[in-house]
Amino acid sequence: MSDPMMDRVDEPADPRQIVVVALSGGPEGEVLIRRAARVAERSGGTLLAVHVAGEEHGRTASPGELARQQALTESVGGTYHQVIGDAVPRAILEFARSEKATQLVIGESSRGRLLAALSRPGVGASLIREAGQIDVLVVAHAAVGDRFALPRLSGGALSRQRVALGFIVTLILGPVVTWLLYLFRTPESITTEVLTFQLLVVVVALVGGIWPALLAAVLSGLTLDFLFVAPQFSVEVSDPLHLSALLLYALIAILVSYIVDTAARRARIAQRAAAEAELLATVAGNVLRGESAPLALVARTREAFGLSGVRLLDEGGVVLATDGEPVRDGRFAAVRVGPGGGAARATLELHGRALDDSERRLLEVILAQLNVALERAELAEIARAAQALAVADQVRSALLSAVSHDVRRPLAAAIAAVGGLRAAGESLSGEDARELLETAHVSLAALSKLVTDLLDVSRVEAGALGASLGPVDAAAVVLSAVEEIGLGPDVVDLALDPHLPAIWADPVLLQRVLVNVLSNAERHAPAGTRLSVTTAVDGQSAQLRVIDHGTGIAPNRREEMFAPFQRFGDTENTTGLGLGLALAKGFTEGMGGTLMAEETPGGGLTMVIVLPLAAGSS
């Protein structure tokens, strides 16, 4: 007969499943993750893996196993989480409910039946009993029965269950030992009887601590005096040495119990420290893998302390990072994030519950890391601003260099030509006057183009480019650009699609793009080769291609060619400021298109202009 719970897990009805898999840090984790991933995949849900770093699993968790299981979880599309808690079932259920989980995958308990009967219920049994509306899937694995785990600490130095077990041992084993000693007693066996009862007290102290041991010491002392020390069947001490022996007997029980309690308390402190170190190592690992450091720290803080929500706010109250759901009535604890004694960089709000002293110490460490993360973010922002200033300085330097050479040359030529006309007056021949006028005209035209390009690139850089978009006939613009440059049929081949729909563009800007791209192709094309211009439809866009068969440009340098003041392959500075392709790219993007470079089959460079089709033209 099938288990209804197993049926619900294997065939989930809710299409939006959130599957949580609980990891102990043991070798069975890989089996659990893969099983949970299949459950989540079948339902199209989300996979969350959670490990409780605390005293329940403090001795069984392997950091190496956890690291491998975290990598496996992320490789199957899930996310890894870690919380701190002394009671593992409660910590797992609090996490699952905070994430609104619908299913919980756990491994079968590795404890034997005898241990389960003598001690408190295991993690799996507690989860099944307290899961409520969350379906629990218990998965068998090869590690079942391989390990013997004593009950871990959950409250004081020793758990309530362990103290209770000490009282049980006292009340059961005490009468049995008394009966056996009384059955085989002799007048010379008093030493054996005392040592046997002393051993019983030590065993009880090791099991249950000081209070069961004191009870065992009192009962065994009374039993010794009543049954084995003369006079029998009365509680009185006739020899002072016997009284001293009984007092030493009780003192030994107290000392052994104290040692057991101290060892247990130190073990708990060590396990707590290991859990905190594991949490901080996980946080550091998340940051090193590229997660946003403040967001990662905020998320891990909420998970570690079982809070309902955590928020990080800057000095102006703007939320920098948040995780979980802050309480609605505004009850929360706010702590400052910043250097000691200085102005706070931010405020961390903790919603849910108050933290105890040990948790506050861990919070101080997290706050220190959060302060470092915010400081690094500030430094990164300053570095980005400095980099932008460096780029701006580089552009200004290039501009000054270009102006000092490219602008000065046509200006000097124009001034010289006009000055020659004025100085010579009517003594110049008609031919000389025409040459000087032509020189001035060409120089002033070049100067005008340079100034226009500088103004255009400044508009593009400032984002102030105005485009009058509308339906445009691409073929007409291509013909106008070819005619403006003066390229004849012996230089350029046109393969224009006669059925190309109207494109959405600015005809003036598009012509400037084509003129710049064609001029660049003509300048770099080897002598005797021809250019090609083609148009075609590509889905909801049109492609205009300008093809040359020159030397081309290496793929790793194609982005550089669109930067201002770049002249690839030029050996002298008479070809302008190097703004043509930068303007072409800026104009194309201003019209909602793209300009990119591709390699021409057989060698060369192909510039591809992609623009959207006009509405209703496809």
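One-based numbering along the sequence shown. Everything numeric in this text was worked out from a predicted model, so none of it was measured.
- Summarising the geometry, atom CG belonging to Asp135 is positioned 9.5 Å from atom CG belonging to Leu104; distances are rounded to the nearest 0.5 Å.
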Problem set entry | Evaluation steps, side chain to side chain contact (heavy atoms under 4.5 Å, CB included), between Val335 and Leu367 | CA-CA 9 Å; Val335 291; Leu367 289 176; 3.9 Å; yes

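- With sequence neighbours left out, the side-chain hydrogen bond (donor to acceptor under 3.5 Å, both in side chains) criterion links Gln543 to Asp538, Arg545.
- Side-chain contact between Arg68 and Leu72: absent, with no pair of heavy atoms (C-beta onward) separated by less than 4.5 Å.
- Annotation: side chain of Ile106 is not in contact with side chain of Leu137 (no heavy-atom distance under 4.5 Å).
- Side-chain contact check for Thr46 versus Gln17: every heavy-atom pair is 4.5 Å or farther apart.
- Pro89 and Leu127 make their closest contact through O-CD2, 3.6 Å (heavy atoms, listed as atom of the first residue, atom of the second, distance).
- Taking every heavy atom of both residues into account, Ala131 and Leu93 meet most closely at CA-CD2, 4.0 Å.
- Checked for salt-bridge contact, Glu41 and Arg38 miss the test: no charged N lies under 4.0 Å from a carboxylate O.
- Looking at residues two or more places apart in sequence or on another chain, you find no salt bridge (charged side-chain N to carboxylate O under 4.0 Å, His left out) involving Glu130.
- The two residues Ala91 and Val83 come nearest to each other via the heavy atoms CB-CG2, 4.2 Å.
- Ala36 pairs by the side chain to side chain contact (heavy atoms under 4.5 Å, CB included) definition with Val19, Val21, Leu47, Val105, not counting sequence neighbours.
- Taking the side chain as every heavy atom from C-beta outward, Leu355 and Leu307 approach each other to under 4.5 Å.
- In this view, Ser541 and Val610 satisfy the side chain to side chain contact (heavy atoms under 4.5 Å, CB included) rule, not counting sequence neighbours.
- Side-chain contact between Ile128 and Val138: present, with at least one pair of heavy atoms (C-beta onward) separated by less than 4.5 Å.
- Take Glu30 and apply the salt bridge (charged side-chain N to carboxylate O under 4.0 Å, His left out) test, not counting sequence neighbours, and it matches Arg34.
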Problem set entry | Pair Gln69-Ile33, side chain to side chain contact (heavy atoms under 4.5 Å, CB included): steps then yes or no | CA-CA 8 Å; Gln69 290 166 18; Ile33 293 170; 3.7 Å; yes

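- Note that the CG atom of Leu320 and the CG atom of Leu312 stand 5.0 Å from one another [nearest 0.5 Å].
- In this structure, Arg360 has no side-chain hydrogen bond (donor to acceptor under 3.5 Å, both in side chains) partners at least two apart in sequence or on a different chain.
- Scored by the side-chain hydrogen bond (donor to acceptor under 3.5 Å, both in side chains) test, Glu94 finds no partners at all (sequence neighbours excluded).
- A donor-acceptor contact shorter than 3.5 Å links the side chain of Asn516 to the backbone of Arg512.
- Separation of atoms OH (Tyr80) and CD (Glu74) is listed at 10.0 Å; rounding is to 0.5 Å.
- In plain terms, the two heavy atoms of Ala505 and Val472 that are nearest each other are O-CG2, 3.3 Å.
- Partners of Glu364 according to the salt bridge (charged side-chain N to carboxylate O under 4.0 Å, His left out) rule, which considers only residues two or more places apart in sequence or in another chain, do not exist here.
- Here the closest heavy-atom approach between residue Pro471 and residue Trp504 is recorded as CD-CZ3, 3.6 Å.
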Exercise. Run the side chain to side chain contact (heavy atoms under 4.5 Å, CB included) check on Leu595 and Glu589 step by step: do they pass?
Worked result: CA-CA 8 Å; Leu595 175 62; Glu589 293 176 350; over 6 Å; no

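- Within the 4.5 Å cutoff, the side chain of Ile134 has no heavy atoms near those of the Thr102 side chain.
- In this structure, the side chains of Met591 and Leu611 come closer than 4.5 Å at one or more pairs of heavy atoms.
- For the side chain to side chain contact (heavy atoms under 4.5 Å, CB included) with Val310, the lone residue among Glu349, Arg302, His351 that qualifies is Arg302.
- Glu375 is linked by a side chain to side chain contact (heavy atoms under 4.5 Å, CB included) to Arg345, Leu379, counting only residues two or more places apart in sequence or in another chain.
- Considering all non-hydrogen atoms of both residues, Val20 and Ala101 come closest at CG2-CB, 3.5 Å.
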Exercise. After noting the C-alpha distance and the side-chain angles of Thr301 and Asp323, does the key distance pass the side chain to side chain contact (heavy atoms under 4.5 Å, CB included) rule?
Worked result: CA-CA 9 Å; Thr301 301; Asp323 190 72; over 6 Å; no

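- Listed by chain and number, the residues in a salt bridge (charged side-chain N to carboxylate O under 4.0 Å, His left out) with Arg97 amount to none (sequence neighbours excluded).
- Atom OG1 of Thr73 is separated from atom CG of Leu23 by 6.0 Å, given to the nearest 0.5 angstrom.
- Partners of Thr594 according to the side-chain hydrogen bond (donor to acceptor under 3.5 Å, both in side chains) rule, which considers only residues two or more places apart in sequence or in another chain, do not exist here.
- To the nearest 0.5 angstrom, Glu28 atom CD is 5.5 Å from Leu32 atom CG.
- Using a 4.5 Å heavy-atom threshold, the side chains of Leu544 and Val517 count as separate.
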